[in-house]
Amino acid sequence: MSDNTVTLKKPIKAHGEEVSALTFREPNGDDIMTCGYPLQMSGDGSFTPLANVCGKYISRLGNIPASSVKALTAPDFQACMMTIIPFFTDGLADQAPANED
């Protein structure tokens with residue numbers, strides 16, 4: 001399966017069928033404009049995931065209804081969230097401004 005696939009520990013119902021794995025597509029500009037940014041940056045440069053925004057991405061990128069996202073167990077939600085976050089963090093270190101000492 002794809003690197004963007006999460007095998008659920010507890011299957012859920014989506015579109016009237018039992019689903020045991022979710023595959024996430026990459027987000028595009030429309031997704032970001034609709035859902036917002038899934039991470040909040042702290043003053044020290046660290047990021048905190050925003051669960052409500054990540055839930056919107058799980059629904060949209062995984063092609064399941066919001067009601068199905070709400071049925072995910074905490075570990076499955078976490079696994080989905082950790083699959084989505086790299087879409088927004090990969091390459092950030094490459095884009096950071098260089099220190100000019």
Side-chain angles (χ1 to χ4, degrees):
M1 289 194 165
S2 162
D3 289 337
N4 299 332
T5 297
V6 173
T7 300
L8 303 175
K9 293 179 186 250
K10 183 179 177 190
I12 58 171
K13 290 274 189 186
H15 308 293
E17 296 183 17
E18 187 172 285
V19 175
S20 59
L22 295 173
T23 299
F24 300 99
R25 65 172 175 78
E26 288 190 44
N28 57 36
D30 184 51
D31 297 320
I32 296 166
M33 291 173 66
T34 299
C35 298
Y37 201 70
L39 300 166
Q40 181 174 22
M41 187 173 187
S42 300
D44 64 2
S46 64
F47 293 97
T48 302
L50 302 173
N52 60 331
V53 178
C54 288
K56 292 175 185 178
Y57 278 107
I58 292 169
S59 175
R60 193 168 171 108
L61 303 181
N63 195 31
I64 61 171
S67 59
S68 298
V69 176
K70 293 176 183 179
L72 289 167
T73 64
D76 285 338
F77 188 99
Q78 179 80 8
C80 291
M81 188 168 62
M82 297 312 291
T83 300
I84 290 167
I85 287 173
F87 289 132
F88 298 91
T89 58
D90 283 355
L92 283 181
D94 298 336
Q95 298 174 13
N99 276 344
E100 295 185 21
D101 292 326

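Quantities reported herein were computed from a predicted structural model and do not represent experimental measurements.
- Residue Arg60 comes nearest to Thr34 through the heavy atom pair NH1-CG2, 3.5 Å, listed as atom of the first residue, atom of the second, then distance.
- A pairwise comparison of heavy atoms in Cys80 and Ile58 identifies CB-CD1, 3.6 Å as the closest pair.
- Between Gly36 and Val53, the closest heavy-atom pair is O-CG1, 3.8 Å.
- Residue Lys70 holds its NZ atom at 12.0 Å from CG of Leu72, rounded to the nearest 0.5 Å.
- The closest donor-acceptor contact from the side chain of Asp76 to the backbone of Lys9 lies under 3.5 Å.
- Distance SG/Cys35 to CG/Leu61: 7.0 Å, rounded to 0.5 Å.
- The two residues Asn28 and Asp30 come nearest to each other via the heavy atoms OD1-N, 3.0 Å.
- Side-chain contact between Val69 and Phe77: present, with at least one pair of heavy atoms (C-beta onward) separated by less than 4.5 Å.
- Closest of all the heavy-atom pairs between Ala14 and Ile64 is CB-CG2, 3.8 Å.
- A donor-acceptor pair is defined here as one N or O able to donate and one able to accept, closer than 3.5 Å; no such pair exists between the side chain of Ser42 and the backbone of Phe47.
- Shown here for Ala21 and Thr5, the closest heavy-atom pair between the two residues is CB-CG2, 4.1 Å.
- Atom CG of residue Asn63 and atom CZ of residue Arg25 lie 8.0 Å apart, to the nearest 0.5 angstrom.
- Residue pairs meeting the side chain to side chain donor-acceptor pair (under 3.5 Å) criterion with at least one partner in residues 44-53, sequence neighbours excluded, are Asp44-Ser46.
- With a 6.0 Å radius and a threshold of 12 heavy atoms from other residues, nucleotides or ligands, Glu18 has its CD atom above the threshold.
- Note: Leu22 CG to Asn4 CG = 12.0 Å, rounded to the nearest 0.5 Å.
- For Ser68 (side chain) and Lys13 (main-chain N/O), a donor-acceptor pair under 3.5 Å exists by modelled atom type.
- To the nearest 0.5 Å, atom OH of residue Tyr57 and atom CG of residue Leu50 are 10.5 Å apart.
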